[in-house]
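Data first, discussion second: the structure below is written as structure tokens.
Quick note: numbers below take in every heavy atom, side chains included, and nothing from hydrogens, waters or symmetry partners.
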Amino acid sequence: LSVIVPATARPPEPVALTVLTAPPRQVVAREAFTLAVQAVDGNGAATPSFAGAVTVRIKSGGAATALVGTTTISASGGVATFSDLKLSPVGTYTLEATATGLTAVTTGAIDVAAAAQQLLFTSRPLPSVAAGAPLGEIVVEAQDAQGNLATQFTGPVTLTPQGPSGATFAPGGVATVNAVGGVATFTGLALRTAGSYTLKATAGGDVPPTIGPAFGRPGMYGRVQVA
């Protein structure tokens with residue numbers, strides 16, 4: 001009499017980490033991004049049984065303190081997803097994910113661009129116009145704290161007139177535009193009522209507004225006289 005005992009297949013053993021979801025090629029300083037890594041066996045197949053701790057850190061580009069967020073988590077189903085990572089200052093970085101007993105993995109390069117922290121008028125409206133006449137081209141830049149153009153900023157910028165009570169732009173002009181490469185350009189705006197005005201630029205979020213000469217470069221003021 002013989003008894004045949006069926007063999008029990010053992011789950012594949014993880015030997016390395018691999019990038020499952022790569023971080024963006026370009027991010028904005030201090031804005032969150034996601035990185036996911038996966039444990040794999042010697043053939044590159046996923047090992048969903050892996051539940052160990054995975055840590056992500058700076059591999060190149062800056063000091064360890066350049067990376068903030070939750071940098072150590074336990075894998076679930078063989079995958080560790082980091083969803084609140086942030087990098088600063090501006091520069092180019094790579095990240096490394098490690099786990100005990102597994103071969104580490106390094107991400108591709110991540111370019112960190114300046115975060116918009118201020119608005120500046122860089123092209124002034126015409127200093128004096130008739131009521132209802134176009135103010136000319138008005139340009140507002142989003143810049144970082146050091147005065148560098150925040151090229152990754154593409155959010156909406158809005159101009160509002162500050163002057164006589166109830167001041168508004170004349171119909172037909174577009175007072176809110178999306179920035180392109182950190183630059184918002186306004187054309188076709190006009191003021192319907194005579195008076196002395198400054199223009200206020202706002203972008204929302206953490207970017208403070210700017211009013212006319214308060215933040216303008218020398219000679220680049222958002223002030224206009226309407227006759």
Side-chain angles (χ1 to χ4, degrees), residues 19 21-36 56 58 61-62 66-70 81-95 107-126 134-162 168-191 198-217 219-224:
V19 174
T21 301
R25 181 65 176 83
Q26 292 186 321
V27 300
V28 174
R30 295 180 295 279
E31 289 194 5
F33 63 91
T34 297
L35 165 66
V56 63
I58 296 288
L67 178 67
V68 298
T70 305
T81 300
F82 302 86
S83 58
D84 64 348
L85 300 177
K86 301 176 184 179
L87 284 165
S88 67
V90 171
T92 300
Y93 300 83
T94 60
L95 304 180
T107 69
I110 307 167
D111 291 329
V112 179
Q117 295 187 25
Q118 58 185 350
L119 298 174
L120 288 93
F121 288 91
T122 58
S123 178
R124 59 172 290 172
L126 296 174
L135 299 176
E137 184 177 86
I138 304 167
V139 179
V140 177
E141 283 189 4
Q143 300 184 355
D144 68 9
Q146 287 72 48
N148 302 306
L149 180 64
T151 57
Q152 294 300 301
F153 179 75
T154 57
V157 178
T158 299
L159 292 184
T160 53
Q162 312 286 295
T168 59
F169 289 118
V174 178
T176 298
V177 300
N178 289 326
V180 178
V183 179
T185 302
F186 300 84
T187 58
L189 292 175
L191 290 161
T198 55
L199 302 182
K200 179 180 181 180
T202 56
D206 296 327
V207 185
T210 182
I211 300 177
F215 289 89
R217 293 177 180 171
M220 297 294 187
Y221 300 145
R223 179 171 293 176
V224 58

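- Leu191 places a side-chain heavy atom less than 4.5 Å from the side chain of Leu135.
- Between the CD atom in Gln117 and the CD atom in Gln143 there is a gap of 11.0 Å [rounded to 0.5 Å].
- Atoms OG1 and CZ, on Thr92 and Arg25 in that order, are 6.5 Å from each other to the nearest 0.5 Å.
- Residues Ala115 and Ala29 come closest through the heavy atom pair CB-O, 3.6 Å.
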Which is it for Phe33 and Val112 under the side chain to side chain contact (heavy atoms under 4.5 Å, CB included) test, yes or no, and what are the steps along the way? CA-CA 11 Å; Phe33 63 91; Val112 179; over 6 Å; no
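- One finds the CG atom of Leu120 at 5.0 Å from the CD atom of Gln118 (value rounded to the nearest 0.5 Å).
- Put simply, the residue from Thr70, Leu95, Thr107 that forms a side-chain contact (heavy atoms from CB on, under 4.5 Å) with Val56 is Leu95.
- The two residues Ala201 and Leu159 have their closest heavy-atom pair at CB-CD2, 3.7 Å.
- Residues forming a side-chain hydrogen bond (donor to acceptor under 3.5 Å, both in side chains) with Thr94 (at least two apart in sequence, or on another chain): Ser60.
- At least one side-chain heavy atom of Val183 sits less than 4.5 Å from a side-chain heavy atom of Leu149.
- Across Val157 and Ala203, no two heavy atoms sit closer than the pair CG2-CB, 4.4 Å.
- The side-chain heavy atoms of Val140 and Phe186, taken from C-beta on, include a pair separated by under 4.5 Å.
- Between Lys86 and Glu31, the shortest heavy-atom contact is CG-C, 3.9 Å.
- Residues passing the side-chain hydrogen bond (donor to acceptor under 3.5 Å, both in side chains) test with Thr158 are Thr176, sequence neighbours excluded.
- With respect to Thr81, the side-chain contact (heavy atoms from CB on, under 4.5 Å) criterion is satisfied by exactly one of Thr21, Thr34, Leu35: Thr34.
- Closest heavy-atom contact between Ala184 and Val177: CB-CG2, 3.8 Å.
- Val27 has its side chain out of reach of Tyr93: every pair of non-hydrogen atoms, C-beta onward, lies at least 4.5 Å apart.
- Contact between Ala150 and Ala114 at its shortest, heavy atoms only, is CB-O, 3.7 Å.
- Applying the side-chain hydrogen bond (donor to acceptor under 3.5 Å, both in side chains) test to Thr185 and every residue at least two apart in sequence or in another chain returns nothing.
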